[in-house]
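Report on the structure given below.
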Amino acid sequence: MAFSNSNLTYRATVIAKPSYPSQSPLTFNKATSFRPKSFSISCVMTEQSTNSSAATAAVAVAVDDQLTVLRPDALGRFGKFGGKYVPETLMHALSELETAFQALATDHEFQKELDCILKDYVGRETPLYFAERLTEHYKRPNGEGPEVYLKREDLNHTGAHKINNAVAQALLAKKLGKERIIAETGAGQHGVATATVCARFGLKCIIYMGAQDMERQALNVFRMKLLGAEVRAVHSGTATLKDATSEAIRDWVTNVETTHYILGSVAGPHPYPMMVREFHAVIGKETRKQALEKWGGKPDVLVACVGGGSNAMGLFHEFVDDKEVRLIGVEAAGFGLDSGKHAATLTKGEVGVLHGAMSYLLQDDDGQIIEPHSISAGLDYPGVGPEHSFLKDIGRAEYYSITDEEALEAFKRLSRLEGIIPALETSHALAYLEKLCPTLPNGTKVVLNCSGRGDKDVHTAIKHLQV
Amino acid sequence: MACNYNILSFPCIGKVVPIEPLTLNTNLNYISKPCTKTLISTVSVEKIPIAGKFGSFGGKFVAEVLISPLAELESEFNSVLLDHEFKMEVATALRDYVGRETPLYHAQKLTDYYKNINGEGPEIYIKREDLSHGGSYKMNNVIAQAILAKRMGRKRVITATSSGHHGVAAAAVCAKFSLDCTVFIGTKDMLRKPSNVQLMELLGAQVKPVDGSFQAAASESTREWINNLDTGYYLAGTAVGPHPIPTMVREFNSVIGKETRKQAMEKWGGIPDVLVACVGTGCNALGLIHEFIGDKSVRMIGVEGGGGGDLHSASLVRGEVGVYHGAMCYLLQDGEGQITKTHSVASGLEFPGVSPELSFLKESGRIECYTVTDQEALDVLEPNYCIHLINNAAYKRLCRLEGIVPALEASHALAYLEKLCPMLPDGAKVVVNCSGTGYNDAPTVLNSIPVNEN
């Protein structure tokens with residue numbers, strides 16, 4: 001279910017007073033109606049140590065619990081990040097979308113319909129699977145180690161978490177009376193998910209895809225066409241995902257009355273980061289319920305890969321206010337952080353504006369986007385969702401990166417140990433377990449978001465792995 | 001329980017006239033007992049229950065050396081069916097690993113498509129086996145058998161695969177349970193689906209090519225099993241084989257039908273009126289229909305591969321009775337009792353033999369069997385089409401109407417709806433088994449059909 005409480009669109013979070021650029025004034029609202037129980041986050045700077053029982057890698061953050069900041073606030077900001085950096089022509093569409101979204105949050109009929117689709121069409125709820133052999137693999141010589149659980153988003157219809165958002169946005173578009181859907185896609189996964197839901201709901205579907213990506217992903221292009229979508233090649237720029245996104249935005253500006261833009265991640269102008277997060281939040285909600293059923297508690301650590309950040313936000317969001325739950329996002333380090341060929345936006349990026357939102361992004365000194373690289377197309381994005389930028393800055397979530405090689409090893413490891421072939425994107429999160437698990441106390445409950453299945457990546461992996 | 005078998009000391013393949021011709025009518029009462037089915041006709045022929053036989057079909061037409069391991073397998077199988085711990089382990093694995101229960105999805109747009117001009121027509125529901133781990137129903141059987149193998153103390157699983165889907169499922173489950181996995185595959189099949197071979201190797205299985213096709217691979221894997229009876233477990237992937245294999249494979253797949261009954265009750269407070277499934281050897285079909293065999297009002301339809309030209313794989317519709325892989329069943333054979341070459345665009349349907357249980361159900365009239373050609377399942381009548389037009393290909397129909405990409409095998413069942421739905425009364429509840437996802441069939445479809453560039 002997309003929403004379970006009223007006012008779920010806004011969540012109060014206690015943070016310290018950050019520093020803001022003077023040209024973007026922000027309004028802080030005291031959230032009186034849903035003020036959380038007062039607590040303070042105090043994070044202690046500790047070194048990562050292998051024999052430490054509770055190694056944390058947080059930044060020391062002073063806290064003032066009188067000050068509350070909404071996620072997002074009325075302007076669509078997460079702290080200084082987010083916002084609506086868009087041409088004037090899109091402002092009305094974005095406001096209309098936000099209004100519709102908030103109305104549907106309390107619309108019982110909409111929620112019931114969405115619930116039914118998620119259950120019967122998408123195949124939710126997805127299992128929380130105890131990965132016994134993976135857990136064994138991480139046991140130390142004295143037999144101690146964490147317990148690893150996989151949230152099986154790979155079992156969804158179309159094989160990834162992306163359908164959660166696509167299906168909800170398609171339903172939303174129908175309620176708005178839109179008949180035309182546009183979307184961007186890199187590897188084609190989001191394109192296939194969008195084409196799928198458009199077929200299901202009888203909507204006209206146009207997918208923008210970089211010409212270079214189309215060549216690399218001919219099979220996905222065919223699948224989108226089979227599902228009835230029109231795939232338009234984008235030749236501008238580097239003919240990859242970021243150019244496809246720009247073209248899609250251009251189309252939306254031109255056709256805003258008839259068209260809804262299904263953005264594939266928690267990036268983009270407000271209300272998209274909030275909406276896409278809410279539509280994926282079902283992942284975290286189910287996890288909470290399943291964790292309670294399985295071990296009578298909550299997860300201790302959540303791990304997810306981060307490209308734009310949608311699957312990670314979907315898992316994290318439910319637990320952001322549970323301060324004892326560690327949130328770990330894993331980005332793509334490509335050929336290595338020093339190689340210049342990576343997609344580790346939160347580690348190596350700087351704050352700027354891309355695709356309508358302020359966030360960390362990979363840019364050169366002139367503010368031009370640096371072309372990212374990752375073996376996994378879904379992580380190959382130079383930006384990141386603004387909420388992740390925010391969570392990183394306040395120290396609520398930790399972000400690391402994993403190289404192509406480490407990801408490929410993890411891809412093979414899960415296949416051999418559990419008979420589950422993960423997407424290369426997910427493999428980045430799995431690879432981080434190698435570094436994380438030795439530091440965790442015995443019995444720590446780790447939940448990793450298995451965001452997609454890896455059939456699509458077998459050729460790539462085999463080529464590199466020489467199985 | 002005493003069992004009588006038709007035992008021959010050497011495998012026998014050829015034209016066989018049924019020893020006891022059946023005159024059962026459609027009023028069948030099924031009484032289920034652990035591991036066996038006792039069939040009692042309400043009208044004419046009284047039959048003595050014989051384990052492993054479905055009327056004159058089934059049995060154990062195997063070399064003497066396999067009799068004892070098969071008996072051991074049967075004994076283990078009998079005992080696990082009563083073992084609560086085994087059932088819990090299988091149920092947990094099905095829920096957390098395979099992702100059951102799979103939805104019973106009301107295909108509204110497909111339902112609307114089949115409405116007549118008065119707005120009347122049946123209600124189409126799709127049982128979503130495509131959402132299982134591995135992308136098809138095959139996991140149901142493979143995971144239960146792997147748990148059984150572990151229980152028997154076996155360290156190694158031996159199996160044979162034709163198109164590779166079963167091989168991939170077996171390899172995945174063996175990885176999970178840390179069992180060694182050896183998969184035999186014909187060299188001809190390896191060339192058709194090289195991606196499946198890569199998947200099996202990635203999952204840690206040892207893939208052994210055998211000159212020829214599935215027939216050769218199956219023989220080779222049986223030989224391997226015979227040479228490793230203490231440590232090896234033969235994991236059957238088809239519903240054709242010597243007893244207890246057909247019964248085991250059916251039992252482990254019957255979760256499909258059990259869920260369907262429960263979901264039908266939740267959704268419309270009744271049972272289905274018609275069940276439709278594609279038939280290769282019959283595993284997915286039996287999995288769906290078995291639960292409802294005793295419900296006389298439920299119509300059961302099996303759809304086989306009608307292929308194209310002279311070649312097909314319609315064992316039930318056009319085959320004759322003979323012995324194939326240790327069981328008496330319908331099979332495609334020539335005048336000299338040699339197995340004929342089969343063809344279907346859906347490789348999972350390309351078996352010359354079929355489950356003995358389905359053979360019996362067909363002969364007794366409980367199940368109706370039809371064929372659908374490659375063209376009906378897949379192809380278009382016109383070489384070019386606009387993306388906005390719905391064409392006559394079942395594969396593309398489900399893609400365009402519901403956004404579900406069915407396996408080419410399941411497309412055969414879906415194609416039959418074209419003939420079935422106009423004949424059904426308004427509101428009839430039809431459940432079609434979407435036995436697998438066609439996501440990985442896209443290359444086959446890509447090579448067969450031109451798609452209009454718009």
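Since the model is a prediction, treat every value here as computed from it, not as a measurement. The chains referred to below are lettered A, B, ... by the order of the sequence lines, with proteins before strands, and numbering in each begins at 1.
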Review point. Taking the inter-plane angle between the rings of A:His157 and A:Tyr121 on a 0 to 90° scale, is it parallel (under 30°), tilted (30 to 60°) or perpendicular (over 60°)?
Key: perpendicular
Practice item. Examine the side chains of A:Glu425 and A:Gln189 and answer whether a donor and an acceptor come within less than 3.5 Å of each other. Key: no
Review point. For A:Arg453, is it the side chain, the backbone, both or neither that has a heavy atom under 4.5 Å from a heavy atom of chain B?
Key: side chain
Review point. Is A:Glu247 paired with A:Arg232 through a side-chain N to carboxylate O contact shorter than 4.0 Å?
Key: no
Practice item. Answer with side chain, backbone, both or neither: which region of B:Ser132 has an atom nearer than 4.5 Å to a non-hydrogen atom of chain A? Key: backbone
Point to revise | Max heavy-atom pair count under 4.5 Å with chain B, selected residue of A:Val197, A:Leu155, A:Leu414 | key: A:Leu155
Practice item. Answer with side chain, backbone, both or neither: which region of B:Arg128 has an atom nearer than 4.5 Å to a non-hydrogen atom of chain A? Key: side chain
Check your understanding: chain B heavy atoms under 4.5 Å from A:Ile420: which part of the residue, side chain, backbone, both or neither?
Key -> both
Check your understanding: Between A:Glu132, A:Lys294, A:Gln290, which has the largest tally of heavy atom pairs under 4.5 Å with chain B?
Key -> A:Lys294
Point to revise | Salt bridge B:Arg100-B:Glu129, side-chain N to carboxylate O under 4.0 Å | key: yes
Review point. Salt bridge or not for A:Lys445 and A:Glu147, using N-O below 4.0 Å?
Key: yes
Exercise for review: Taking atom types as modelled, find out whether B:Thr159 and B:His166 have a side-chain donor-acceptor pair closer than 3.5 angstrom.
Suggested key: yes
Review point. Under a 4.5 Å heavy-atom cut-off, does chain A meet the side chain of B:Ile126, its backbone, both or neither?
Key: neither
Check your understanding: Is chain A contacted by the side chain of B:Lys267, its backbone, both, or neither, given a heavy-atom distance below 4.5 Å?
Key -> side chain
Check your understanding: Relative to chain B, which segment of A:Leu417 carries a heavy atom at a distance below 4.5 Å: side chain, backbone, both, or neither?
Key -> backbone
Exercise for review: Could you look at B:Val98 and say if it's the side chain, the backbone, both or neither that has a heavy atom under 4.5 Å from chain A?
Suggested key: backbone
Exercise for review: Check each atom of A:Asp154 against the heavy atoms of chain B and say whether the ones under 4.5 Å are side chain, backbone, both or neither.
Suggested key: side chain
Practice item. Heavy-atom distances under 4.5 Å only: say whether B:Thr102 touches chain A with side chain, backbone, both or neither. Key: neither
Review point. With a 4.5 angstrom heavy-atom cut-off, which part of A:Lys151 approaches chain B: side chain, backbone, both or neither?
Key: neither
Practice item. Please flag which part of A:Val122 lies under 4.5 Å from any non-hydrogen atom of chain B: side chain, backbone, both or neither. Key: backbone
**Study point:** Residue pair A:Glu418 / A:Tyr129, side-chain donor-acceptor N/O under 3.5 Å
**Key:** yes
Check your understanding: Side chains of B:Glu402 and B:Tyr105: is there a donor and an acceptor less than 3.5 Å apart?
Key -> yes
Practice item. Would you tell me whether A:Glu153 and A:Asn164 have side-chain atoms, one donor and one acceptor, within less than 3.5 Å of each other? Key: yes
